[in-house]
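Worksheet: the structure to be examined is printed underneath.
What you see below is based on every heavy atom in this structure, not just the backbone, and it leaves out hydrogens, waters and symmetry mates. Everything numeric here is computed off the predicted structure, so don't read it as measured data. Read the numbers this way: they start at 1 and go in the same order the structure lists the ligands and their atoms. Positions are given from 1 along the sequence.
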Amino acid sequence: MKEKIFEVINTRTQQGWLMIDQDYKVVYINQSMCQWLSQDQSLFIGKSLLDVLYKGRKRTLSGHYHGPLIETMETGQELTKRECCMPICGQHKWFLANTYLLHNVLGQVQYALGDYVIIDKYKLLEENLDNINLSIIRSFADAIGARDSYTKAHSECVAELMLELAQYMRLEQYKVGRVYLSGLVHDIGKIGIPEHILNKPGRLTHEEYTIIQEHPNIGANILDNIKGFEDIAGAVRYHHERYDGNGYPNRLCGEEIPLYSRMLAVCDTFDAMTSARCYRRPFSEQEAIKEIRRCSGSQFDPVISEAFIEMLYYRDNIGELDF
Ligand SMILES: [Fe+2]
């Protein structure tokens, strides 16, 4: 009977199961979990989960444990319905996990076992957002897309980066949704910028640049008229401020700049640098990361830029970054 139950768990259940010993070595992983992680069982069994998924680290730079199993083994606390993400093939996959401690006959902790269900983060996010608000935001995104397809695609990429960064920074669920929406509409004010300036392929004149710099205020003024959008309007108004106070439109500095705007500054710049434009080649991810780090503390909030780099580091399995 036990064998039959084990066979179901191993091969047929839709739930992922993973078990580690005290040295974080994987002693069991079932087929569902392997499929989700796109890896063979042999890649995990007998290897340290820290090495396979988290480059040997138990915690992120911001001090959070990398996964619920690691946390359970470290703290002795079993966890229930813990949202977690794992970096897999250049993507973060999201799971809901429960963890359990298994003891030996002496009552000492021997293993930590986890069950995992994969979740669609975007679907969950949309369910948590007010549907009316989301449809307004989508209409804005479509409106900007009708004039400027680059800005629409860029905004969607920035929104996804914002979402991942917010999750990585462990912001509250409500804030994660607001951060995502801020990304979608951050450049909505470009609707008010004349076509010949918006899509000019070459360098802008000083006068044209001054006009472009109006877009954060134009966007924020549009959003300010919608009840419940005050925080998003604020994020949009200040997304071109710089941490050192040399940005626009109000030359705010440090934490005077709203949190979502400081996050936008990093995600916006990263996506812009790594996108192909007709007047320059895109930066590689490594080059863009170098640039973000170079501007950390001047253009960007140093804590947020480091969290962003770290998030990419685990997600994309990029080389050492001198942590
Ligand atoms: Fe912008």
With L69 as reference, evaluate L79, I20, V26 under the side-chain contact (heavy atoms from CB on, under 4.5 Å) test and give the passing residue.
I20
Neighbour count above 12 (heavy atom, 6.0 Å) for K290 NZ:
no
Any donor-acceptor pair under 3.5 Å linking the side-chain atoms of S32 with those of N30?
no
Measure centre to centre between the rings of F95 and W36, then say whether the value is under 6.0 Å.
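Centroid distance F95-W36: below 6.0 Å, so yes.
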Can you give the angle H239 NE2 - the Fe ion (ligand 1) - H240 NE2, rounded to 10°?
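The NE2/NE2 angle about the Fe ion (ligand 1) sits at 80°.
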Just wondering, is there an N, O or S atom on H186 that's nearer than 2.8 Å to the Fe ion (ligand 1)?
no
Looking at the Fe ion (ligand 1), is one of the N, O or S atoms of D187 less than 2.8 Å from it?
yes
